[in-house]
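Below, chains carry the letters A, B, ... as their sequence lines are ordered, and counting in each starts from 1.
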Number of protein chains: 2
Amino acid sequence: MPSHEGEDEAWLPPEIAVTVDLVILTLRASVFQVLLIERGEPPFQGSWALPGGFLRDAEEDIYDAALRELYEETGLEAGNLHMEQLAAYGTPGRDPRRRIVSVAYLTIAPELPEPVAGTDAASAFWTPVEQVLDHQVSLAFDHHDIVSDAVERARDKLERTPLATAFVGKSFTITDLQRVYEAVWGVSLDPRNFYRKVQGATGFIVPAGSERRTTAGRPARLYRAGTARTLHPPLTRPTPSAAPEEAR
Amino acid sequence: MPSHEGEDEAWLPPEIAVTVDLVILTLRASVFQVLLIERGEPPFQGSWALPGGFLRDAEEDIYDAALRELYEETGLEAGNLHMEQLAAYGTPGRDPRRRIVSVAYLTIAPELPEPVAGTDAASAFWTPVEQVLDHQVSLAFDHHDIVSDAVERARDKLERTPLATAFVGKSFTITDLQRVYEAVWGVSLDPRNFYRKVQGATGFIVPAGSERRTTAGRPARLYRAGTARTLHPPLTRPTPSAAPEEAR
DNA sequence: GCAATAGTGTCTTTGAGACACTATGGG
DNA sequence: CCCATAGTGTCTCAAAGACACTATTGC
């Protein structure tokens, strides 16, 4: 990597501020929801946005910063939570104040006992993902795009990874899992075929002993997540383009 | 996003340098290769590394910076090339000089007429991907991890997107495509089944008129990439874990 | 008994993999 | 003719989707 574009010796790289943005997804009452906050400061004061913030200092790891923001915004601890990096967003002008590169994280949380607890609880709330995707609510910065990317990533990973188990508690029924797939994919699935496929995916779920009583009907067996990191065979999503004819 | 961790008013976000790193993948003589350079400056002077560099200034878009580096290192222009963001890498200490966040890009190039042309051609060379994955060559910084992630991404996208067409020229034969899959996945495929699957994937390839003569054998029909953005049905990779039994 | 949910079995169609065969070029 | 590569057909098995049926609870 010789000389930087042939500039003079005094050339120094531009100094840029780095933030993390969190797309925290969950199911609440079988509805696929994302955590949003109302911004208390400019820019976009009063607008809705993803939780997030600047790296605390030049020594903080990006992943650690995401964990820290997660805790500050929701009170959630790292344990048992799925969090993975989504992408970096750094278009000049995405923040009107200054140049910022934001690293977005995708976080999946099981349904929580209380709406949202944490430092900024007052201004944080769950919103149906569909309302964001449909532009029924508009978000600050490029956060709409980030949510879109995160949802697409989640939908995709449901097919070939046990990600769905991150949406439910340690023990869950097969019907619980089905609700995850239905809510995230926005489809309805045949429970009998779903049973067969989930059971057939090696290492996806393993029996967890007891049963769960429900208000009505036969009690369901409980399962917990298996050790598989990928699903064989995968749980394929019903093709949204029902008949992909004529691709010319 | 109220007060930043309750620090005093004078808190300012840390200033961080942003770089781009390019994982440029291609097939050369049916071998899956990645473009590496020999570093001419510290740190890691003399080591092999991915091409890349700092953002030129605070107004340069990250994607544009990746395009610029691509041109500077290889002479390749944006057109007809596949380039997508891979991920951000920002572990403190990954660069011994200072804190750096690097945004890696995955680039797929068709086999090029000459080895590598460009500003830094002298120090750039193609290396078999397998040698990098196997640690037969070691790379500066965390570039080994970046290459691993890039290869995994490419392998994955071959299954469900027409990414393979980015490895070949505008016109190609089905056998050309098969060589891409075989080299990237590191497997050998049955040409007859491959034919059926590629032809059956709607919008993957469309006939391109003429035929191509080869040194021996029947001339092959030429195709060009179709308009499909995803493959239905997908071209599934032979399960590397042949029999994923006993996932407990 | 009835309502409601959990779980099983069976049939049909589709696609994957194995592999025999035909087609068309150059020597 | 032979060799090499291109392309087709056929069989078997696995998995997806549709859907009838049985099982176990609360009332």
State which residues pass side chain to side chain donor-acceptor pair (under 3.5 Å) with A:Thr173; sequence neighbours excluded, sorted by chain then number.
A:Asp176
A:Tyr63 vs A:Met83 side-chain heavy atoms within contact, under 4.5 Å
yes
With sequence neighbours left out, what residues match A:Arg153 under salt bridge (charged side-chain N to carboxylate O under 4.0 Å, His left out)?
A:Glu84
Mind checking if B:Arg192 touches a base, just sugar-phosphate, or nothing, with heavy atoms under 4.0 Å?
base
Output one line per pair: protein atom, nucleotide atom from nucleotides 25-27 of chain D, and distance, for all N/O pairs under 3.5 Å.
{"from": "D:dT25", "atom 1": "O2", "to": "A:Gly217", "atom 2": "N", "distance (Å)": "3.4"}

Please identify each residue that fulfils side chain to side chain contact (heavy atoms under 4.5 Å, CB included) with B:Glu182, with sequence neighbours left out.
B:Gln178, B:Ser188, B:Leu189
Each nucleotide N or O in nucleotides 12-16 of chain C that has a protein N or O under 3.5 Å away: list the pair and distance.
{"from": "C:dA16", "atom 1": "OP1", "to": "B:Pro234", "atom 2": "O", "distance (Å)": "3.1"}

Return each pair, listed once, that meets salt bridge (charged side-chain N to carboxylate O under 4.0 Å, His left out) where at least one residue sits in residues 138-151 of chain B; pairs must be two or more places apart or across chains.
B:Arg94-B:Asp142
Partners passing side chain to side chain contact (heavy atoms under 4.5 Å, CB included) against B:Glu77 (at least two apart in sequence or in another chain):
B:Tyr71
Could you name each residue pair satisfying side-chain hydrogen bond (donor to acceptor under 3.5 Å, both in side chains) that touches residues 160-170 of chain A, not counting sequence neighbours?
A:Asp156-A:Arg160
For B:Thr230, enumerate each residue passing the side chain to side chain donor-acceptor pair (under 3.5 Å) test, keeping only those at least two apart in sequence or located in another chain.
B:His232
Got a sec, which pairs hit salt bridge (charged side-chain N to carboxylate O under 4.0 Å, His left out) with one end in residues 184-200 of chain A, sequence neighbours left out?
A:Asp190-A:Arg192
Contacts to DNA chain C from residues 156-185 of chain A, heavy-atom cutoff under 4.0 Å, which residues?
A:Thr175
Checking A:Tyr223 now: which residues fulfil side chain to side chain donor-acceptor pair (under 3.5 Å) with it, not counting sequence neighbours?
A:Gln199
